Amino acid sequence: MQLLALDENFQNLKYIKYINLQWNREYYSIGNFSVQITEDNYSPEMKYIYSQERVEVGVIQKVEIKDTVKGAFIQLEGMFLESILNDKTVFPTYFASGDIGQSVLNMVAKYKEDIPLLKVSDTPTVKSNNATWQETGGSLAKVAYSKLATQEMSCRCRYDYENDNIYFEVWKGKDKTQNQEENSFVVFSSGFKNLKDIRASFDCSNFKNYAIVAGEGEGDERLVAYVDLSKGGYKKKIFIDAKDIRYDREKQTQDEYIKALEQRGLEKLLDYKIINNIEIDVSEGTFKYLRDFDLGDVADVIIDSIGVSMTARIVTVREVFKNNNHTITIELGDKKLTSMQKARLK
């Protein structure tokens, strides 16, 4: 993977000869990178890491120098270009109604202000459900990812190197399962000999399927919405205090306000779902990375040794380039909760 360093104005500086590169791509959040180079390869003018081979652009946010007996080395680390959106805040309050993907595009167009080179796509690549929601004070990228996650969608800042523009886009990975005919299918299984190491995790310890979302008002006058994902089964309930969602009687009806509370409930319940996570080291076999499958795609996973057969979305791709070797690790399904995240939810 060839890397080109760019300055703060996205102008070419130099191609980078690196020792070790880690390129961590995420579907539901901002990815990150880390690259080790020799001191003579470094310039303080380096601000961005670009490659024609990947859609992401790295933003250099941390520079670490190590002087050892083997020489002086520089470690460059940072997040991908979507992180620039978190320089901006959703304020004053943004009221949204309609297609969620389109609402997110409209929100970014409204609050992006003076982000250099950034243009916002007119429409999302796929349609999504309609929803009514509002946001006050959240960071732009964080809000965008959280709204889109309810539709299994994502967003990105794609840098157009030829035209020197950044395009904010809303998108969704492709269905590569065997139950569809639009795309060629992808299966990760021992039968296709494309699995090396398997780490599976199934966690229902924080599961909730029913949200009581309380908005404005006091006592019996408080406006409340209920989100029931139990499908008629046993309800595991959670209370959500949503007083921060304000009822603006000049801009919305009470029904629209209740729908905004319901949307908050749907987003919060994403933190309490059953976690089905499968992490595998992919070996190049029948299916080739970037040609047959990519971040965000939904594929079939069959692990005979533990009796697992499921369809799951590729939510993380971790790539390592070192010693002329390229290794690929993917996570399918849901992101595992850390101990700190679990403690926060309880």
Side-chain angles (χ1 to χ4, degrees), residues 1-7 10 12-38 41-43 46-64 66 73-86 141 145 154-161 166-169 171 173-174 176 186 188 194-197 199 277-284 287-297 299 313-333 335-336:
M1 180 170 163
Q2 193 176 56
L3 300 182
L4 176 63
L6 308 175
D7 67 13
F10 288 86
N12 295 352
L13 287 176
K14 62 189 301 185
Y15 285 98
I16 298 176
K17 294 180 180 179
Y18 56 85
I19 301 164
N20 186 340
L21 169 64
Q22 298 178 43
W23 201 257
N24 303 316
R25 309 174 64 204
E26 298 285 351
Y27 187 68
Y28 289 124
S29 60
I30 303 170
N32 59 82
F33 75 98
S34 177
V35 57
Q36 185 184 53
I37 62 177
T38 56
N41 245 300
Y42 175 68
S43 167
M46 292 178 176
K47 300 301 179 185
Y48 301 98
I49 301 295
Y50 169 78
S51 175
Q52 288 184 321
E53 302 167 53
R54 299 292 182 274
V55 70
E56 300 85 13
V57 172
V59 181
I60 298 173
Q61 297 167 320
K62 180 180 178 181
V63 179
E64 199 170 71
K66 292 182 180 179
F73 300 93
I74 306 290
Q75 195 77 30
L76 306 176
E77 299 179 3
M79 304 186 79
F80 290 145
L81 197 54
E82 292 75 26
S83 61
I84 63 175
L85 296 175
N86 280 336
Y145 277 109
S154 186
C155 59
R156 61 188 171 207
C157 288
R158 178 179 58 83
Y159 179 57
D160 182 346
Y161 178 81
I166 300 170
Y167 292 98
F168 177 78
E169 301 171 334
W171 66 289
K174 296 178 180 179
K176 295 296 188 79
V186 174
F188 295 104
N194 55 2
L195 304 180
K196 284 195 286 189
D197 291 313
R199 297 161 293 280
N277 176 277
I278 295 177
E279 184 176 339
I280 56 178
D281 294 340
V282 178
S283 58
E284 295 279 333
F287 308 108
K288 185 176 178 61
Y289 175 54
L290 296 180
R291 185 194 69 187
D292 300 306
F293 67 92
D294 200 354
L295 179 73
D297 290 347
R313 190 176 299 279
I314 301 173
V315 295
T316 299
V317 180
R318 291 191 291 274
E319 301 181 68
V320 177
F321 299 81
K322 185 178 181 180
N323 298 327
N324 294 319
N325 289 321
H326 177 205
T327 60
I328 304 166
T329 300
I330 65 174
E331 283 189 53
L332 301 104
K335 294 296 292 184
K336 290 180 289 187

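Basis for what follows: all heavy atoms, side chains included, without hydrogens, waters or symmetry-related copies. If you're wondering where the values come from, they're calculated on a predicted model, not measured in any experiment.
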- Side chains of Met46 and Leu13: closer than 4.5 Å at any heavy-atom pair? yes

- Message: Measuring only between side-chain heavy atoms, which start at C-beta, is Tyr48 closer than 4.5 Å to Leu81?
- Response: yes

For residues 20-28, which side-chain donor-acceptor pairs fall under 3.5 Å, sequence neighbours excluded?
{"from": "Trp23", "atom 1": "NE1", "to": "Glu56", "atom 2": "OE1", "distance (Å)": "3.1"}
{"from": "Asn24", "atom 1": "ND2", "to": "Asn32", "atom 2": "OD1", "distance (Å)": "2.9"}
{"from": "Arg25", "atom 1": "NE", "to": "Glu56", "atom 2": "OE1", "distance (Å)": "3.3"}
{"from": "Arg25", "atom 1": "NE", "to": "Glu56", "atom 2": "OE2", "distance (Å)": "2.6"}
{"from": "Arg25", "atom 1": "NH1", "to": "Tyr289", "atom 2": "OH", "distance (Å)": "2.8"}
{"from": "Arg25", "atom 1": "NH1", "to": "Asp294", "atom 2": "OD1", "distance (Å)": "2.7"}
{"from": "Arg25", "atom 1": "NH2", "to": "Glu56", "atom 2": "OE2", "distance (Å)": "3.1"}
{"from": "Arg25", "atom 1": "NH2", "to": "Asp294", "atom 2": "OD1", "distance (Å)": "3.4"}
{"from": "Glu26", "atom 1": "OE1", "to": "Thr316", "atom 2": "OG1", "distance (Å)": "2.7"}
{"from": "Tyr27", "atom 1": "OH", "to": "Glu152", "atom 2": "O", "distance (Å)": "2.9"}
{"from": "Tyr27", "atom 1": "OH", "to": "Gly173", "atom 2": "N", "distance (Å)": "3.2"}

- Ignoring hydrogens and geometry, is there a side-chain-to-backbone donor-acceptor pair from Asn41 to Ile16 under 3.5 Å? no

- Task: Classify the angle between the aromatic ring planes of Phe293 and Phe188 as parallel (below 30°), tilted (30 to 60°) or perpendicular (above 60°).
- Result: perpendicular

- Task: Would you mind reporting whether Ile37 and Ile19 have side-chain heavy atoms less than 4.5 Å apart?
- Result: no

- Message: Show, in sequence, the C-alpha distance, side-chain angles and deciding distance for Ile280 and Arg199, and conclude whether the side chain to side chain contact (heavy atoms under 4.5 Å, CB included) test is met.
- Response: CA-CA 6 Å; Ile280 56 178; Arg199 297 161 293 280; 5.8 Å; no

- Note on the structure: When every non-hydrogen atom of Ser83 is compared with those of Val59, the smallest separation belongs to OG-CG2, 4.0 Å

- Task: Quick one: closest heavy-atom pair of Glu82 and Cys157, and the distance?
- Result: OE2-N, 2.8 Å

- Donor-acceptor under 3.5 Å (Glu53 side chain, Gln2 main chain): yes

- Message: Apply side chain to side chain contact (heavy atoms under 4.5 Å, CB included) to residues Asp160 and Ile166 and explain how you reach the verdict.
- Response: CA-CA 6 Å; Asp160 182 346; Ile166 300 170; over 6 Å; no

- Verify side chain to side chain contact (heavy atoms under 4.5 Å, CB included) between Ile30 and Met79, making sure each step is shown before the conclusion. CA-CA 7 Å; Ile30 303 170; Met79 304 186 79; 3.7 Å; yes

- Validation row: Leu3, Val35 side chains within 4.5 angstrom (heavy atoms): yes

- Only counting residues at least two apart or in another chain, list the ones meeting salt bridge (charged side-chain N to carboxylate O under 4.0 Å, His left out) with Arg54. Glu319

- Query: Quick one: does Val63's side chain get under 4.5 Å of Leu76's, heavy atoms only?
  - Reply: yes

- Message: Could you check whether Asn12 and Tyr161, counting side-chain N and O atoms only, form a donor-acceptor pair closer than 3.5 Å?
- Response: yes

- Query: Tell me, do Phe33 and Ile60 make a side-chain contact under 4.5 Å, heavy atoms counted?
  - Reply: yes

- Message: Could you check whether Gln75 and Ser34, counting side-chain N and O atoms only, form a donor-acceptor pair closer than 3.5 Å?
- Response: yes

- Query: Is a side-chain N or O of Asp281 found less than 3.5 angstrom from the main chain of Thr329, in a donor-acceptor match?
  - Reply: no

- Do side-chain atoms of Glu331 reach the backbone of Val317 as a donor and acceptor pair under 3.5 angstrom? no

- Are any side-chain N or O atoms of Asp292 and backbone N or O atoms of Lys288, one a donor and one an acceptor, separated by less than 3.5 Å? yes

- Could you grab the distance from atom OH of Tyr50 to atom CG of Leu4, nearest 0.5 Å is fine? 8.0 Å

- Going through the checks in order, is the side chain to side chain contact (heavy atoms under 4.5 Å, CB included) test met by Met1 and Tyr18? CA-CA 10 Å; Met1 180 170 163; Tyr18 56 85; 3.8 Å; yes

